[in-house]
Amino acid sequence: MSVRVFMSADAAAASVGADAVARAVSNEAARRGVAIDIVRTGSRGLLWLEPLVEVETAQGRVAYGPVRPGDVASLFDAGFLNGAPHALAHGRVDDLPLFARQRRLTFARVGVCDPLSFNDYLETGGLRGLDRARAMGADAVIEEISASGLRGRGGAGFPAAIKWRTARDAQASRKYVVLNADEGDSGTFADRMVMEGDPFLIIEGIAICAFAIGADRGVIYIRSEYPRAIGVMNEALRIARREKLLSAAFDIEVRVGAGAYVCGEETALLESIEGKRGQVRAKPPLPAVQGLFGKPTIIHNVLTIAAAPTILRDGGAAYASHGMGRSRGSMPFQLAGNVKRGGLYELPFGVTIRELVFDIGGGTASGRPVRAVQVGGPLGAYFPESLFDTPLDYESMAQAGGLLGHGGVVVFDDTVDMAAQARFAFEFCAVESCGKCTPCRIGSTRGVELIDKITAGVEREKNLALADDLLTLMTDASLCALGGLTPMPVGSALKHFPEDFTGRAMRSAAE
Amino acid sequence: MAGRAGESFDVQEAERIALAEVAHARAFYGEDGAGATPLLPILHALQEAFGYIDPAAQPMIARLLNISQAEVRGVISFYHDFRTEPGACATLKLCMAEACQARGSSRIVDYMKARHDLRLGEDAPDGKLAVEAVYCLGNCALGPAALLGDALIGALDEARVDELVTEARR
C-alpha cells in the first residue's frame with residue numbers, strides 16, 4: 001500500500017516553494033520505485049514551517065519542514081516515509097505546543113483534508129450542520145446562532161443573529177447572502193486560507209444562512225489578488241452543483257474584485273456587484289433590509305459564515321463555551337510582519353498581545369526588540385510595549401483605544417519609524433478613498449501634508465493641534481470605516497510614539 | 001489575471017465575450033441581472049483576453065448594458081486593476097502594505113531601482129517587466145510578497161529579484 005504524504009497547496013506555502021517540493025518528492029519517489037500518494041491540502045497555518053511535509057505513519061502524521069527541494073533526497077535516505085528522525089522533523093503536528101493550544105473550530109479541516117474532496121468533507125462531519133439546520137427549521141437556526149454569541153468577524157463585531165432575524169422578517173421577492181471575501185487588510189489572510197483549505201465549509205455556511213433567511217442566491221466576492229482562492233472556490237462550486245448541494249433553486253457564484261480596498265466595506269461591495277464604482281452607501285437602510293439590488297441581504301465576512309456549520313452541528317452553547325466576556329467562540333488570529341513564527345493560530349478570544357507575539361510568535365524575525373504591534377489591519381491602532389498585556393477581544397481592544405478588526409496582528413521591530421507609518425496610513429487612505437465623502441477624500445491628503453510639516457519641524461505645535469482637529473473630524477464625519485478609522489493608526493502613533501514626530505531637523509541637531 | 005498583451009483588440013470578439021457575461025448574469029440574477037450587473041465580469045474577461053480594455057469597446061459595452069458610456073468609463077477608472085492601454089509583458093505586483101513594510105519591502109524597492117532601473121508605478125524601461133505597488137497579497141507572515149501573473153512569491157530578497165528580472169527580460 002502506498003504511503004500518503006500530505007503537502008499544502010495553499011498560496012502562502014506555494015510562495016516559498018511548496019509546489020516545487022511536491023514535484024521533487026514525487027520525482028524522488030518514482031526514481032526510487034517507492035509508491036506514494038501525495039495529497040495536497042490547505043495549510044496548517046504554521047507558515048514559518050512551510051513548505052511542510054507530513055507523512056502518514058502508524059504513529060500519526062509526522063511533519064518535516066521547512067523542506068527545500070534540495071532536502072528531499074536526504075529525507076528519503078533518512079526514511080521519512082516511516083516517520084524516521086531527521087534534522088527537519090517535528091514529530092506529530094497535533095502534538096506541537098503551538099498547535100495543541102489552539103481551538104481549531106473553523107480551521108479544523110484546513111491542512112488536514114484535500115480541500116476539493118467532497119467525500120473527505122462528508123467523512124469529517126461536513127453537511128451535518130446543514131442537515132440539522134433543515135431539520136430544526138429556520139427560527140430555531142437563528143436561535144442557535146444567537147446562543148453561540150457569534151459576532152461579525154469582518155471587524156465590526158455585530159451580532160450575527162440580529163442580522164439574520166432582520167433579513168428573515170423582511171418581505172421580498174428575492175433575498176441574497178453575500179460573502180465578503182475582499183480581505184484587503186494588511187496582516188490578514190484567514191479568509192484566503194479557509195477558502196483555499198476548506199471551500200465546502202463556506203458553501204455549507206452560506207447554505208445554512210440562506211435557509212434561515214429564505215434566500216435563493218449567494219454571491220462570494222473575492223479580491224483579484226487571490227487567484228488561487230478564486231480557482232478553488234469555483235471548482236468547489238462546480239462539485240457542489242454536481243453533488244446537488246446547489247441547484248437552480250439555490251445557487252452561488254464567485255464575483256472577482258478589481259483592486260479596490262474600499263470594496264471590503266459592505267455597501268461599496270454591494271455597489272461593485274451591481275456593476276458600479278465601489279462607492280459607499282449611506283446607512284440606513286441597512287443591507288439586511290435593503291441590500292444587493294435593494295433586496296434584503298445578509299453580508300458576512302468569510303469567517304463569520306464559516307463558523308455557522310460548526311455552530312449548527314455542535315450547538316450554539318458548545319461554541320459559546322470558548323472565549324471571554326461578550327466575545328464568544330474562537331478567533332483565527334493571523335500573526336504577521338516581522339515575527340519569527342508567523343502564521344494562523346485559531347485561539348479563544350482573550351489571549352493577550354504579549355502571549356501571541358512572544359509565546360507563540362517567538363519575537364521578531366530580525367532578532368531585534370519589538371517596538372510596535374498593529375492590531376486589526378491598516379485601520380487598527382499601533383500598540384507600544386506598555387499595552388501588550390491587553391487581551392485580544394472586542395471590548396478590551398476598544399477600551400485600549402484600538403480594535404480587533406479581522407484579527408490581524410503585525411509586528412514591527414525597533415527600526416520602525418512611526419511617523420512614516422502614520423504618514424503611510426493617511427497616504428493609503430488617500431489612494432483607496434472612494435471619494436464620496438469629503439473628510440476621507442480631502443482629509444487624507446491634508447493629513448499627509450500635516451505629518452510632513454510636523455516631521456520637518458514647521459510650526460510644530462500649531463500643526464499638531466491641527467492634526468488633532470483633523471483626526472476628530474475624520475472620525476466623526478466620514479461615511480465609512482476607511483475615513484472614520486484612519487485616525488486610529490495615526491492617532492495611536494502620535495500618542496504612544498511622540499518621540500518619532502519631533503522635527504527631523506531638531507533630531508539631527510540634537511545628535 | 002495574466003493578460004495576453006500585445007494582441008490587437010478586436011471589438012467584435014469583445015462583443016461576443018461581453019454577450020456571454022450578459023447571458024450569465026440574466027441566468028443567475030434574473031431581473032436583477034439587467035443593466036450594469038455584468039459589467040465587472042465583462043471588464044475582467046476582456047482584460048484576460050486582450051491584456052487591456054480598449055476605449056473602442058466602451059460604446060459597445062454601454063449599448064449592451066443600456067447604461068451611459070460615462071458609467072462604463074467611470075467604473076474602468078475607479079478600479080486599480082483595469083488598464084486602457086497595452087502594458088508591459090509582465091507586471092510584478094509588489095506588496096507595500098504594513099506587514100511587508102515590517103519585513104523590508106522598501107529595501108526591495110530601493111534595490112530594484114538601483115540594480116535594475118525598475119521604479120514603482122512607471123512604465124517598463126525595456127517593455128518587458130514593470131513593477132507596481134499593491135496593498136496586501138495575503139502572504140503577510142512570509143513577506144516581502146509579490147505577485148507575478150498568478151504566482152505568489154514570498155520571502156522576496158535581492159537574489160530572487162535578480163532571478164525574476166533575468167527571467168522576465170530573457
* Asked: Taking the six-membered ring for Trp, are F424(A) and Y135(B) parallel (under 30°), tilted (30 to 60°) or perpendicular (over 60°)?
  ->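 Aromatic pair F424(A)/Y135(B) classed tilted.
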* To do: Assign the ring pair Y176(A) / Y29(B) to parallel, tilted or perpendicular, where the plane angle (0 to 90°) is split at 30° and 60°.
  => tilted
* So, for F28(B) and E253(A), which heavy atoms are closest and what is the spacing to 0.1 Å? -> CZ-N, 3.5 Å
* Shortest non-hydrogen contact from S186(A) to A99(B)? -> OG-N, 3.0 Å
Can a donor-acceptor pair be found, under 3.5 Å and without considering hydrogens, that links the side chain of [X] to the backbone of [Y]?
X	Y	result
R277(A)	G74(B)	yes
R192(A)	N139(B)	no
R103(B)	G337(A)	yes

Gap between atom [atom2] of [Y] and atom [atom1] of [X] - 0.5 Å precision:
X	Y	atom1	atom2	answer
L142(B)	W48(A)	CG	CH2	11.0 Å
Y226(A)	L152(B)	OH	CG	9.5 Å
C136(B)	R223(A)	SG	CZ	5.5 Å

Checking heavy atoms, do the side chain of [X], its backbone, both or neither come under 4.5 Å from chain B?
X	answer
S173(A)	neither
C263(A)	side chain
V411(A)	backbone
R255(A)	side chain
I273(A)	both
Y261(A)	neither
Q421(A)	side chain

* **Which portion of E98(B) sits near chain A, non-hydrogen atoms under 4.5 angstrom** =>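 For E98(B), the contact with chain A is made by backbone and side chain together.
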* **Proximal component of V75(B), with respect to chain A [non-hydrogen, under 4.5 Å]** => both
Quick one: which residues of [range] reach chain A at under 4.5 angstrom, heavy atoms only?
range	value
residues 33-41 of chain B	A36(B), T37(B), P38(B), L39(B), L40(B), P41(B)
residues 154-168 of chain B	G154(B), A155(B)
residues 120-132 of chain B	none
residues 16-27 of chain B	H24(B), A27(B)

